[in-house]
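Worksheet: the structure to be examined is printed underneath.
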Amino acid sequence: MLKLFVPGRLCLFGEHTDWAGHYRTMNANIAPGAAIVTGIEQGIYAEVEKSSIFELYSKAPEINDVWQDFSCRMDEMELKRIAKSGSFFSYCAGVASYMLEWYKVGGVRIRITSMTLPMKSGLSSSAAICVLVARAFNLLYNLNLNTLGEMNIAYVGELRTSSRCGRLDQACAFGVKPNLMTFDGDEIEVRSLNVKKHLYWVFADLCAEKDTIRILSDLNKAYPFPNSDAERAEHEALGEQNLEIVNRAIKFMAEGDAESLGRLMTEAEALFDEKVAPMSPALWSPKLHSVLQDPIIQPMVWGGKGVGSHGDGSVQFLARSEEAQQQLVAYLNDHGMKAYSLTLKPVHTVRRAIIPVAGFGTRLYPATRALKKDFFPIPCPDGMVRPVILILLEELVQSGIEEICLVLGSEEERQQYADFFEHPLSDEHLRKLNPEAQEYENHILDIGKRLHYVYQREKRGFGHAVYQAAQFAGNEPVLLLLGDTLYRSDSNKPCALQMVEGYEQYNCLMVSIHPIPLAEVSRYGILHGVWEDKGRTILNVGTMVEKPKASYAEDFLGVRNKDGEKEYYSVFGQYILTPEVFAQLHEDIMQREIEGDHVSEIELTSALEAVRKRSGMIGVRLQGRMYDMGNPAALSRCVEEYSK
């Protein structure tokens with residue numbers, strides 16, 4: 001049984017531009033649509049499992065007064081009939097009918113365990129249930145759909161009902177984070193956005209009347225070709241002027257400029273009132289404008305605007321602070337509206353890194369009797385000969401990492417790092433260096449100031465070593481590198497920086513990946529999933545298999561590249577671990593303690609897999625190469641190639 005959560009969605013900017021941008025298929029002079037849409041904290045929680053039929057049940061007290069349990073045979077015509085019926089379950093049946101028609105799936109059983117998302121309030125509860133059904137079929141039947149694929153099926157499924165939803169409604173598929181959606185004819189692109197500072201949104205159901213069908217019917221009359229000044233004004237507002245507003249909004253969010261962002265909301269509402277609202281009597285919205293102009297509210301907010309198709313449906317504000325956000329929610333609720341808070345939080349920039357170096361280096365014996373393997377010398381392209389650990393640390397510093405934790409085997413090993421990174425050269429040795437090398441000596445000592453040390457006193461596996469740095473990591477994401485692997489970027493960004501930038505976009509557990517030959521898959525953990533981007537660099541990981549046979553990998557683990565050929569992906573050696581990973585490692589260790597097992601290894605892979613199942617995992621194909629120096633042949637190759 002799988003547990004799923006799908007949020008509702010709130011359109012911050014760019015309402016109506018999804019369907020307007022679609023008309024570019026008929027009129028190339030129409031500007032592409034663009035909208036900033038975010039998932040919200042309210043949504044649908046469910047448990048899903050396979051079934052012989054299509055079943056929906058509810059244990060959610062929030063909807064018990066409107067819910068009736070539902071079941072239907074997995075029959076295409078029956079599902080389509082229910083989709084057209086306008087019943088409470090028409091949306092679910094629409095998606096199920098599409099899944100059956102195109103993927104020949106079996107049934108699913110869905111139990112709604114909690115429903116915190118208000119219905120019929122402009123927050124796309126119908127889209128959320130459609131995404132939930134699409135995701136349930138996708139995960140239970142291993143359909144390998146990416147998030148955009150789930151979103152598109154949810155949209156098509158809802159179109160099989162009497163609803164005429166917009167293309168941005170299903171943005172809830174992307175979770176609780178802001179996204180830029182662009183609509184260019186039939187093409188849709190989704191890009192995650194970052195916010196620099198906390199943004200305190202409030203949105204509320206006005207509990208008034210709104211005629212969405214009439215609004216959409218009236219506004220569509222101006223498309224695809226405008227025939228009057230008023231229709232041309234509508235095209236401008238939903239086209240070029242919307243693009244300009246959306247671009248400014250992205251800039252203000254990235255800068256953390258809440259005041260300017262709030263003023264922009266008010267400006268966007270004024271533009272809508274001037275050029276779009278006159279096109280439909282249904283857009284006359286006295287309650288919306290009364291709330292927006294309420295003098296009690298003004299000191300609490302930077303600005304506000306309507307939501308969704310507008311009319312007297314919902315309102316949104318950007319509050320001046322967390323305290324003002326709470327006050328505004330209370331005020332709106334006290335005045336007969338249903339208000340909710342939404343705080344958009346900045347993604348933690350990755351500031352910390354961990355490098356386990358506790359291993360003895362058995363495969364490099366007897367050299368490791370005299371020198372730890374992370375101090376082995378490597379000739380570099382600039383003519384210097386650096387120890388492995390210094391190359392790794394320099395990559396981290398170049399990638400913006402501020403603090404680095406080395407996991408050692410014992411306190412005795414600490415002295416070697418102190419001698420190298422903390423103790424200056426003697427004056428006698430320093431004088432023998434040229435000026436450039438003398439300056440570089442200061443650089444080494446500066447790196448030493450970033451270092452922290454922890455110790456793995458029991459050799460109980462890689463996961464156990466990583467867990468020793470749990471306190472250092474705190475409640476932040478942390479970059480993990482291997483102590484016997486070097487990375488060479490093929491771009492102007494270090495591999496570690498590529499990982500950090502990927503995390504800032506996707507904000508979840510990440511592993512770097514690279515293709516390996518089919519003949520070698522039995523030596524590695526192999527990852528399978530679906531590409532999230534057109535460039536095929538971001539893999540939504542759905543399966544991790546440790547050291548599979550080549551025949552199994554060929555049948556089940558191949559991922560198609562741009563040329564349609566199968567490739568097989570293993571971990572490249574860099575990870576960004578979320579706090580969930582350390583919590584899972586703690587749970588694994590405690591379970592072993594309860595069982596009295598103080599010997600068996602704690603593996604990182606099993607913890608990653610547990611977190612992936614709950615929260616997902618992204619694989620990033622980096623532009624670069626890795627050099628594993630854990631054995632003599634690999635070390636020889638590294639020394640030969642790294643200096644080039």
Side-chain angles (χ1 to χ4, degrees), residues 7 12 36-39 146-148 171 173-182 189-199 201 246-247 249-258 261 342-354 395-404 450 473-481 487 489 491-513 529 531-541 571-582 608 611-612 615-624:
L12 307 180
I36 298 176
V37 190
T38 181
N146 62 14
T147 308
L148 192 60
F174 290 88
V176 185
K177 59 182 179 181
N179 293 283
L180 170 66
M181 301 185 72
T182 54
E189 291 190 5
V190 182
R191 175 168 66 89
S192 294
L193 300 177
N194 290 329
V195 296
K196 187 173 183 179
K197 297 179 181 178
H198 284 64
L199 297 173
W201 246 272
V246 166
N247 286 331
I250 294 170
K251 175 176 178 288
F252 294 148
M253 293 171 75
E255 294 172 349
D257 188 348
L261 188 63
L342 168 67
T343 301
L344 296 183
K345 302 173 183 178
V347 174
H348 283 297
T349 298
V350 182
R351 304 184 305 110
R352 295 174 177 168
I354 300 169
E395 172 162 352
L396 292 175
V397 171
Q398 291 166 12
S399 302
I401 299 299
E402 300 169 9
E403 297 180 84
I404 303 152
R450 302 172 188 253
N475 198 36
E476 296 185 19
V478 61
L479 179 64
L480 171 66
L481 302 188
Y487 312 92
S489 173
S491 74
N492 59 355
K493 293 180 182 177
C495 292
L497 180 56
Q498 294 176 46
M499 283 291 287
V500 170
E501 290 183 348
Y503 177 81
E504 290 176 348
Q505 183 175 2
Y506 289 92
N507 193 22
C508 72
L509 170 63
M510 305 194 77
V511 297
S512 58
I513 59 174
W531 297 112
E532 286 286 326
D533 63 329
K534 293 181 179 178
R536 301 188 180 234
T537 60
I538 303 297
L539 187 73
N540 191 330
V541 179
V571 175
F572 184 80
Q574 297 192 2
Y575 312 72
I576 292 184
L577 307 181
T578 58
E580 276 188 285
V581 175
F582 289 96
L608 297 180
V611 173
R612 182 199 66 76
S615 307
M617 175 193 292
I618 293 293
V620 184
R621 182 171 182 174
L622 302 182
Q623 297 181 54

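- A search for side chain to side chain contact (heavy atoms under 4.5 Å, CB included) contacts involving Lys345 returns His198, Thr343, not counting sequence neighbours.
- Considering every non-hydrogen atom in both Cys508 and Ile618, the closest pair reads SG-CG1, 3.4 Å.
- Of the possible donor and acceptor atoms, none in the side chain of Tyr503 sits under 3.5 Å from a partner among the backbone N and O of Leu479.
- Counting heavy atoms from C-beta on, the side chains of Leu12 and Trp201 come closer than 4.5 Å.
- Distance check: Asp257 CG to Lys251 NZ gives 7.0 Å after rounding to the nearest 0.5 Å.
- Between the CD1 atom in Ile404 and the CZ atom in Arg352 there is a gap of 12.0 Å [rounded to 0.5 Å].
- Using a 4.5 Å cut-off on side-chain heavy atoms (C-beta onward), Tyr506 and Val620 make no contact.
- In terms of heavy-atom proximity, Arg612 sits nearest to Leu509 at N-CD2, 4.4 Å.
- Separation of atoms OG1 (Thr537) and CD1 (Ile513) is listed at 8.5 Å; rounding is to 0.5 Å.
- Of all heavy-atom pairs between Gly624 and Cys495, the closest is CA-SG, 4.1 Å.
- Side chain of Glu532 to main chain of Thr147: a donor-acceptor pair is present (N/O by atom type, distance under 3.5 Å, no hydrogens or angles).
- Listed here is the closest heavy atom pair of Gly256 and Lys197: O-CD, 3.7 Å.
- Under the 4.5 Å side-chain criterion, counting only non-hydrogen atoms from C-beta, Lys534 is in contact with Glu189.
- Minimum heavy-atom separation, Gly502 to Met510: C-SD, 3.4 Å.
- Side-chain atoms of Tyr575 and Val581, non-hydrogen and from C-beta on, never get closer than 4.5 Å to each other.
- Between Leu622 and Gln574 there is a side-chain heavy-atom pair separated by less than 4.5 Å.
- Proximity of Met253 to Ile36: side-chain heavy atoms (C-beta onward) are separated by under 4.5 Å at one or more points.
- Checked against side chain to side chain contact (heavy atoms under 4.5 Å, CB included), Ser399 has the following partners two or more places apart in sequence or in another chain: Glu395, Pro494, Ala496, Leu497.
- The shortest non-hydrogen separation linking Val478 to Ala473 is CG1-CB, 4.1 Å.
- Side-chain atoms of Asn540 never come within 3.5 Å of backbone atoms of Gly529 as a donor-acceptor pair (strictly under, hydrogens ignored).
- Listed for the Arg536 side chain is no donor-acceptor partner under 3.5 Å among the backbone atoms of Arg621.
- Here the straight-line distance linking atom CG of Leu148 with atom CH2 of Trp531 works out to 16.0 Å at 0.5 Å rounding.
- Scanning for side chain to side chain contact (heavy atoms under 4.5 Å, CB included) contacts around Asn179 gives Phe174, Lys177, Val190, Ser192, with sequence neighbours left out.
- Taking CD1 of Ile250 as the reference point, atom CG of Leu180 lies at 4.5 Å (rounded to 0.5 Å).
- Taking CG of Leu577 as the start and CD1 of Ile354 as the end, the distance is 6.5 Å to the nearest 0.5 Å.
- Around atom CD of Gln505, more than 12 heavy atoms belonging to other residues, nucleotides or ligands sit under 6.0 Å away.
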